[in-house]
Amino acid sequence: MPALGAPTILFNAAGGNDPKTTVTPDNPFENIPLENWKRNFDLNLVAGILLPCQVFGPGMVARGKGSIITIASVSAHVPLSRVVSYSASKAGVLSLSQFLAHSRARNWDRVSTPALDAE
């Protein structure tokens with residue numbers, strides 16, 4: 001990074017759902033293993049926003065400049081009926097983004113989280 005300088009924009013757009021977490025008559029909510037839930041949280045929340053913000057955020061804070069844009073999902077507000085772990089992980093994305101926006105407001109130009117879905 002020294003040759004290019006530290007980034008001033010971080011765009012987080014990870015997202016996905018482990019099909020084994022989809023609630024169906026043959027796969028009720030109560031039978032979904034914890035490991036499958038963890039896969040959705042690891043993809044959508046941990047690898048998708050937490051780790052990139054921890055890696056690139058300190059440089060932005062040190063410069064007092066930067067923008068973090070994270071794609072969330074409308075299911076963070078209204079859970080999708082069959083993919084509850086996806087919805088819960090996206091609610092975590094929204095909550096973490098709100099924390100960053102409020103706690104680091106003086107250090108960054110903006111933290112925004114548009115909620116997009118193709119449904």
Side-chain angles (χ1 to χ4, degrees):
M1 274 198 282
L4 298 175
T8 57
I9 297 174
L10 174 60
F11 183 79
N12 299 310
N17 181 59
D18 181 338
K20 294 176 183 171
T21 63
T22 301
V23 176
T24 66
D26 294 332
N27 191 35
F29 168 81
E30 297 80 6
N31 292 351
I32 298 173
L34 179 59
E35 286 306 312
N36 298 89
W37 275 78
K38 285 181 177 181
R39 268 194 285 281
N40 279 351
F41 276 80
D42 284 346
L43 171 63
N44 295 315
L45 181 57
V46 177
I49 179 173
L50 174 67
L51 295 177
C53 288
Q54 287 182 328
V55 169
F56 295 106
M60 293 179 188
V61 169
R63 282 188 316 285
K65 181 178 181 180
S67 297
I68 296 177
I69 303 158
T70 300
I71 301 299
S73 169
V74 296
S75 67
H77 301 282
V78 180
L80 302 173
S81 63
R82 293 176 11 132
V83 288
V84 66
S85 67
Y86 170 83
S87 297
S89 68
K90 288 300 185 173
V93 165
L94 184 59
S95 182
L96 182 55
S97 295
Q98 289 171 341
F99 163 78
L100 292 170
H102 294 291
S103 70
R104 303 291 191 258
R106 291 176 295 228
N107 302 107
W108 296 329
D109 299 324
R110 84 181 138 249
V111 176
S112 60
T113 312
L116 307 174
D117 263 320
E119 276 104 314

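None of these values were measured; they are calculated from a predicted model. The first residue of the sequence shown is numbered 1, and numbering continues consecutively from there.
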Review item, side-chain donor-acceptor pairs of residues 40-51, under 3.5 Å, at least two apart:
| residue | atom | partner | partner atom | Å |
| --- | --- | --- | --- | --- |
| Asn40 | OD1 | Asp18 | N | 2.7 |
| Asn40 | ND2 | Asn17 | OD1 | 2.9 |
| Asn40 | ND2 | Thr21 | OG1 | 3.1 |
| Asn40 | ND2 | Ser85 | OG | 2.5 |
| Asn44 | OD1 | Gly16 | N | 2.9 |
| Asn44 | ND2 | Gly16 | O | 2.9 |
| Asn44 | ND2 | Asn40 | O | 3.1 |
| Asn44 | ND2 | Ser89 | OG | 3.0 |

Output all residues satisfying side chain to side chain contact (heavy atoms under 4.5 Å, CB included) with Pro52, sequence neighbours left out; order by chain, then residue number.
Leu10, Asn12
Distance check, rounded to the nearest 0.5 Å: Lys65 atom NZ versus Ile9 atom CD1?
9.0 Å
What residues, two or more places apart in sequence or in another chain, satisfy salt bridge (Lys or Arg N to Asp or Glu O under 4.0 Å) together with Lys38?
Glu35
Enumerate the salt bridge (charged side-chain N to carboxylate O under 4.0 Å, His left out) contacts for residues 77-94, please, sequence neighbours excluded, ordered by first and then second residue.
none
Is the backbone N or O of Ala91 less than 3.5 Å from a side-chain atom of Ser95, with the two atoms forming a donor-acceptor pair by type?
no
For Phe11, does the CZ atom sit with more than 12 other heavy atoms under 6.0 Å from it, leaving out its own atoms?
yes
Close side-chain approach of Val84 to Trp37, heavy-atom, < 4.5 Å
yes
At what distance, to the nearest 0.5 angstrom, does SG of Cys53 lie from CD1 of Ile68?
4.0 Å
Contacts of Pro28 meeting side chain to side chain contact (heavy atoms under 4.5 Å, CB included) (sequence neighbours excluded), chain-then-number -> Glu30, Asn31
If the condition is side-chain hydrogen bond (donor to acceptor under 3.5 Å, both in side chains), which residues does Ser87 pass it with, not counting sequence neighbours?
none
Short question: side chain of Arg63, backbone of Pro7 - any donor-acceptor pair under 3.5 Å?
yes
Between NZ of Lys20 and CG of Asn27, what distance do you get to the nearest 0.5 Å?
10.5 Å
Starting from Val93, can I reach Leu96 by hopping between I/L/V/M/F/W/Y residues whose side chains sit under 4.5 Å apart?
yes
